[in-house]
Visitor: 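Questions regarding the structure given below will be posed in turn.
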Amino acid sequence: MKYLGLEISKLRAEAGISQKELAKDICTQSTISRIEAGEVYPAIDTLLKIALKLQVPVEYFIEMLFHKNVFKSEELINDIEFHLKEHNYQKVISIINSNQIDKDNIWLDLYCDYILNTARYYLKIISPKECIVNLKSILNYSNPTTIQFRFLQIKINNTIANVHGENGESQKCLFYYNKILKEHIHKNYSDYKIYKTLITVLFNKCKILYDLKEYDAALNTANQGIQKSKESSFMFLTGKFLYYKGQCLEKKVAPIDEIKKVYQQALFFFEFQDLPFYIQAINQNKKQFLR
């Protein structure tokens, strides 16, 4: 009860909703409070409704009634994600291989399998083809509900697209980006973290379209990415979207003033986010538009 209550409380906080909002049409606020405090077990129908509102598979909560490794799992994931950002794939593999957490956590096993294949690909231990086959196997042979937790299926499809793109298979790459966006971009999710992933997919798609010289489509995707960034308040790629928008406008021979405005906005975001590489790049490559 303790672990279940703490996890429900954490997911509710991440979703940005109050106990009263979570309780609406499910039970009383005091019941939610007692569940989160670990004082009572929720009835199975109550647990199902809570899972639906928090957008997690009910199996995840049910698993927690049998396993006491929730916080250790979270620490493991955070450790892996940190080293992934640093591109320290050797360390990521070491962390996963030395993992001592109960192997009965099905979702964690899927996540580690996904990350392990990704790290091995970037270290050239496995070929691009092997990586894609392995990632597809995770998608095809996993419980459809479990693989949706924390939007793991989106992340796996995005990685498959990236591998195709990095190996010159642009159309296959676009197929997966479009598949993700078609299924998810227009939905309203209470877990706002999904929008960070979707914005990344939009940016990846924009780059591929630009490289394919499909400038109208790339421009539309850049504008979509800028708009979605504003709506979700995830502005981490806005400067790069604007940079690609400016390049598309150049290719389309748009008015100079329009191009200047876009590059100036891009530079503003690069400076605000303290991105020296991009500041230098735009100052050197687009200086004629920044005067």
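The basis for the numbers below is simple: all heavy atoms, side chains too, and nothing from hydrogens, waters or symmetry mates.
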Visitor: Any non-hydrogen side-chain atom of I147 less than 4.5 Å from a side-chain atom of I138?
Guide: yes
Visitor: So, does R34 use its side chain to make a donor-acceptor pair with the main chain of E39 at under 3.5 Å?
Guide: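 Checked: no pair found.
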Visitor: Nearest 0.5 Å please: distance from the CG atom of N134 over to the CG atom of L139.
Guide: 11.5 Å
Visitor: Do N285 and Y243 come close enough that some side-chain heavy atom pair is under 4.5 Å?
Guide: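 They are in contact (side-chain heavy atoms under 4.5 Å apart), so the answer is yes.
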Visitor: Measure from the side-chain N and O atoms of S94 to the backbone N and O of Q90, and report whether any donor-acceptor pair falls under 3.5 Å.
Guide: no
Visitor: When you compare the side chain of N283 with that of Q280, does any pair of heavy atoms fall below 4.5 Å?
Guide: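 With C-beta onward as the side chain, the pair stays apart.
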Visitor: Treating Ile, Leu, Val, Met, Phe, Trp and Tyr as nodes and any side-chain heavy-atom pair under 4.5 angstrom as an edge, say whether F272 and M235 lie in one connected cluster.
Guide: no
Visitor: Verify ring pair (Phe, Tyr, Trp, His ring centres under 6.0 Å) between F203 and Y244, making sure each step is shown before the conclusion.
Guide: CA-CA 9 Å; F203 180 67; Y244 270 93; 5.7 Å; yes
Visitor: Are the side chain of N140 and the backbone of K136 linked by a donor-acceptor contact shorter than 3.5 Å?
Guide: yes
Visitor: Any side-chain heavy-atom pair from I154 and H184 closer than 4.5 angstrom?
Guide: yes
Visitor: For I26 and K53, work out which heavy atoms get closest and say how close.
Guide: CD1-CE, 4.1 Å
Visitor: Check whether F277 and F270 end up in the same hydrophobic cluster, where Ile, Leu, Val, Met, Phe, Trp and Tyr are linked by side-chain heavy atoms less than 4.5 Å apart.
Guide: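 Hydrophobic grouping puts F277 with F270.
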Visitor: Answer yes or no: is there a side-chain heavy-atom contact under 4.5 Å between Y177 and N158?
Guide: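 A side-chain contact exists here, since the closest heavy-atom pair is under 4.5 Å.
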Visitor: What closest approach, in Å, do G225 and L202 show between heavy atoms, and which atom pair accounts for it?
Guide: CA-CD1, 3.8 Å
Visitor: Among K129, E130, E166, find the residue that satisfies the side chain to side chain donor-acceptor pair (under 3.5 Å) test when tested with Y121.
Guide: E166
Visitor: Which label fits Y111 and Y114: parallel for a plane angle under 30°, tilted from 30 to 60°, or perpendicular past 60°?
Guide: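 Correct class here is perpendicular.
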Visitor: Tell me, do N223 and F241 make a side-chain contact under 4.5 Å, heavy atoms counted?
Guide: no
Visitor: Under the 6.0 Å and 45° cation-pi test, does K196 pair with F236?
Guide: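 Yes, K196 sits over the ring of F236.
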Visitor: As an exercise, state the distance from CD of E271 to CD1 of I279, rounded to the nearest 0.5 Å.
Guide: 5.0 Å
Visitor: Once rounded to the nearest 0.5 Å, what's the spacing between atom CD of E258 and atom NZ of K252?
Guide: 9.5 Å
Visitor: How far apart are the closest heavy atoms of C112 and I80, and which atoms are they?
Guide: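 Nearest heavy atoms, C112 then I80: SG-CD1, 4.5 Å.
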Visitor: I'd like to know if the side chain of S9 reaches the main chain of G5, judged simply by a donor and an acceptor atom lying under 3.5 Å from each other, with no hydrogens or angles considered.
Guide: no
Visitor: Using modelled atom types and a 3.5 Å cut-off, is there a donor and acceptor pairing between side-chain atoms of D113 and backbone atoms of D109?
Guide: no
Visitor: Which heavy atom of I185 sits nearest a heavy atom of K228, and at what distance?
Guide: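 Result for this residue pair: O-NZ, 3.4 Å.
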Visitor: Roughly how far apart are T221 OG1 and K245 NZ, rounded to 0.5 Å?
Guide: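 Reported value, rounded in 0.5 Å steps: 12.5 Å.
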Visitor: Check the pair F269, Y278 against side-chain contact (heavy atoms from CB on, under 4.5 Å), reporting the backbone distance first and the verdict last.
Guide: CA-CA 10 Å; F269 277 98; Y278 294 99; over 6 Å; no
Visitor: Please test K205 against I180 for side-chain contact (heavy atoms from CB on, under 4.5 Å), starting from the C-alpha separation and ending with a verdict.
Guide: CA-CA 11 Å; K205 179 182 175 182; I180 294 168; over 6 Å; no
Visitor: For side-chain contact (heavy atoms from CB on, under 4.5 Å), just list the numbers for S170 and D211, CA-CA rounded to whole Å, side-chain angles, deciding distance to a tenth of an Å, and then say yes or no.
Guide: CA-CA 9 Å; S170 300; D211 291 342; over 6 Å; no
Visitor: Identify the heavy atoms of I32 and A23 that sit nearest to each other, and give their distance.
Guide: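 In this case the closest contact between I32 and A23 is CG1-CB, 3.6 Å.
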Visitor: Supply the atom-to-atom distance K251 NZ to I259 CD1, rounded to the nearest 0.5 angstrom.
Guide: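 If I round to the nearest 0.5 Å, the distance is 11.0 Å.
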Visitor: Against E36, only a single residue in L22, T31, L6, L4 fulfils side chain to side chain contact (heavy atoms under 4.5 Å, CB included); can you say which?
Guide: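 Only match with E36 under side chain to side chain contact (heavy atoms under 4.5 Å, CB included): L22.
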Visitor: Check this for me, if you would: do E250 and K286 make a salt bridge, where the nitrogen-to-carboxylate-oxygen distance has to be below 4.0 angstrom?
Guide: yes
Visitor: Find out if a path of hydrophobic residues (ILVMFWY) with successive side-chain heavy-atom gaps under 4.5 Å connects L123 to F82.
Guide: no
Visitor: With heavy-atom distances below 4.5 Å as the criterion, would you say the side chains of L242 and L267 are in contact?
Guide: no
Visitor: So if you build clusters from Ile, Leu, Val, Met, Phe, Trp, Tyr with side-chain heavy-atom gaps below 4.5 Å, do V133 and I115 land together?
Guide: no
Visitor: How long is the straight-line distance from CD of Q273 back to CG of L237, given to the nearest 0.5 Å?
Guide: 8.0 Å
Visitor: Please confirm whether the ring centroid of Y195 lies under 6.0 Å from the ring centroid of F234.
Guide: no
Visitor: Got a donor-acceptor contact below 3.5 angstrom from the E21 side chain to the S18 backbone?
Guide: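 Yes, because the side chain of E21 sits within donor-acceptor range (under 3.5 Å) of the backbone of S18.
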Visitor: Evaluate the criterion side-chain contact (heavy atoms from CB on, under 4.5 Å) for residue pair I50 and I35; output intermediate values, then yes/no.
Guide: CA-CA 11 Å; I50 289 172; I35 291 170; 4.3 Å; yes
Visitor: Before accepting this row, confirm whether a basic side-chain N of the pair E86/K91 lies closer than 4.0 Å to the acidic partner's carboxylate O.
Guide: no
Visitor: May I ask whether F175 and L135 are part of the same hydrophobic cluster, defined by side-chain heavy atoms of I, L, V, M, F, W, Y residues being less than 4.5 angstrom apart, directly or through others?
Guide: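 Hydrophobic grouping puts F175 with L135.
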Visitor: Under 4.0 Å between a side-chain nitrogen and a carboxylate oxygen: does that hold for K10 and E14?
Guide: yes
Visitor: For a 4.5 angstrom cut-off between non-hydrogen side-chain atoms, does K49 reach T46?
Guide: no
Visitor: Could you pull out the closest heavy-atom pair between C206 and A218, with the gap in Å?
Guide: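 The answer is SG-O, 3.6 Å.
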